[in-house]
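Everything below concerns the one structure shown next.
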Amino acid sequence: MLGKKLKILLAVGAASAVMLAAGCGGGDSKLSSASGKGGIPAVIRVGSETTFPPFEFTEDDKYVGFDLDLADAIIKQMGSKMEFKSMGFDALIPAVQSGQIDMIAAGLDATPERAKQVAFSDVYFKDNGYCIVVRKDNTTINDWADLAGKNVGAQVGTYQVKLAQEAKAAEVKQLDSNSQAWMELQANTLDAVVIDQPVAMYYLKQGAGKDLKNVGTQKDGSGMVFAFKKDNKQLQEGVNKALKELKANGTYDKIYEKWFGKPASK
């Protein structure tokens, strides 16, 4: 059975479509016309999909995680304030393109397909990759080639969907959230889930390791980035500058160690 803490995470993850205050602004107010340092907007609207621990998730009715802490620190470094919005992962790029939000902070991989749609920040997390998770009693799936002919789950709008399709899965079920993926795997309606390695390891450590296991070789990722509207060069440059400053003054390392328990790879 799942551990108590993981059950709580799954329950709140299923309700994460409901917007909550993140302790750093909320609601649907328009971007402030006032400017912070260097002409950067005084309020920057950040969007994310909040069932992706430890990067972004819900805990005690608050949105928390590595991405949120880092985005908030970057925005403060620029002299502005973060306003946070939770939405479906597949809605994030359309939201930044249409101006509903200014920045995506959602463990976004820097893929060539996405580069055609949005502008990227510098890579802020490079220790990512993709893995396969199955039930512990599964003896037929041991690596990527074994996904052929199987029913595989992956979050909608992610690179993991492409990986499952390339592995010739019989069906790739595109799920709204990672929480749903874990529940379907437990219910035996999926044979495997393809997911980000850090997220899988977090869930397994929270108690899911009693019933689930990570199998096969990890596929390397392209690095996680923040994303902006294509023509928003000012915000893109401001975020990159602030990220460099936080890495230089040690703030990035403190945030990284808080969530991953070890120093960031250099």
Side-chain angles (χ1 to χ4, degrees), residues 1-22 46-69 84-93 95 104-109 125 128-136 138 141 150-164 169 171-215 221 224 259-260:
M1 297 296 292
L2 288 172
K4 182 178 179 182
K5 188 170 182 181
L6 181 59
K7 287 183 179 179
I8 294 171
L9 283 170
L10 292 176
V12 297
S16 68
V18 180
M19 291 185 182
L20 301 175
V46 175
S48 188
E49 191 280 314
T50 49
T51 63
F52 195 62
F55 294 93
E56 41 269 332
F57 61 107
T58 312
E59 185 174 74
D60 298 329
D61 293 331
K62 291 182 180 180
Y63 291 134
V64 297
F66 173 75
D67 282 351
L68 273 65
D69 281 357
F84 184 73
K85 297 185 177 185
S86 176
M87 59 184 68
F89 189 85
D90 57 338
L92 290 168
I93 287 179
I104 299 171
L108 198 72
D109 299 309
F125 186 88
N128 67 311
Y130 312 104
C131 68
I132 304 165
V133 177
V134 299
R135 291 180 300 280
K136 272 199 169 176
N138 187 307
I141 299 175
K150 303 296 195 300
N151 295 325
V152 181
Q155 189 175 16
V156 63
T158 65
Y159 187 62
Q160 293 88 288
V161 171
K162 182 179 179 181
L163 290 176
E171 179 188 358
V172 180
K173 190 166 186 180
Q174 300 190 40
L175 306 164
D176 290 333
S177 69
N178 289 307
S179 299
Q180 185 182 353
W182 300 129
M183 288 188 283
E184 294 217 16
L185 191 56
Q186 288 280 350
N188 209 21
T189 55
L190 291 174
D191 298 310
V193 168
V194 177
I195 194 167
D196 290 79
Q197 177 77 12
V199 177
M201 295 310 298
Y202 181 86
Y203 268 109
L204 294 177
K205 287 178 181 177
Q206 297 307 313
K210 294 178 181 178
D211 303 300
L212 307 177
K213 62 182 179 180
N214 186 342
V215 298
M224 294 180 181
W259 289 105
F260 300 102

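Along the sequence shown, residues carry numbers from 1. For the numbers below, each heavy atom of this structure counts, side chains included, while hydrogens, waters and symmetry mates do not.
Between Val134 and Ile132 the shortest side-chain heavy-atom distance falls below 4.5 Å. No side-chain heavy atom of Val193 sits under 4.5 Å from any side-chain heavy atom of Leu175. When side chains are defined from C-beta on, Ile195 counts as touching Cys131, because their heavy atoms get closer than 4.5 Å. Counting only heavy atoms from C-beta outward, the side chains of Glu171 and Val152 never approach each other to under 4.5 Å.
Distance alone, capped at 3.5 Å, is enough to place a donor-acceptor pair between the Asn138 side chain and the Ile141 backbone. Side-chain N or O atoms of Lys136 include one that pairs as donor or acceptor with a backbone N or O of Gly209 at under 3.5 Å. Counting only distance, with no hydrogens or angles, the side chain of Ser48 and the backbone of Ala105 share a donor-acceptor pair below 3.5 Å. Listed for the Arg135 side chain is a donor-acceptor partner under 3.5 Å among the backbone atoms of Leu185. No side-chain donor-acceptor contact under 3.5 Å links Asn214 to the backbone of Val133.
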Given Tyr63 and Phe57, is the ring-ring contact (aromatic ring centres under 6.0 Å, His included) satisfied, shown in steps? CA-CA 6 Å; Tyr63 291 134; Phe57 61 107; 9.8 Å; no

Leu212/Leu204 under side chain to side chain contact (heavy atoms under 4.5 Å, CB included): CA gap, chis, key distance, verdict: CA-CA 7 Å; Leu212 307 177; Leu204 294 177; 3.9 Å; yes

Give the C-alpha distance, both sets of side-chain angles, the deciding distance and a yes or no for side chain to side chain contact (heavy atoms under 4.5 Å, CB included) between Leu108 and Met224. CA-CA 5 Å; Leu108 198 72; Met224 294 180 181; over 6 Å; no

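Between the side chains of Thr50 and Ser86, at least one donor-acceptor pair of N or O atoms lies under 3.5 Å. Residues Glu184 and Thr189 have side chains that bring a donor and an acceptor to within less than 3.5 angstrom of each other. A donor and an acceptor atom, one from each side chain of Asp109 and Asn128, are located under 3.5 Å apart.
Between Gln155 and the choices Gln174, Glu49, Gln180, the side chain to side chain donor-acceptor pair (under 3.5 Å) rule is met once, by Glu49. When Tyr159, Tyr202, Tyr130 are each tested for a side chain to side chain contact (heavy atoms under 4.5 Å, CB included) with Asp196, only one passes: Tyr130.
Residue Tyr203 holds its OH atom at 3.5 Å from OG of Ser179, rounded to the nearest 0.5 Å.
Residues satisfying the ring-ring contact (aromatic ring centres under 6.0 Å, His included) test with Phe52, not counting sequence neighbours, are Phe55.
By the 30° and 60° cut-offs, the orientation of the rings of Phe125 relative to Phe260 is tilted.
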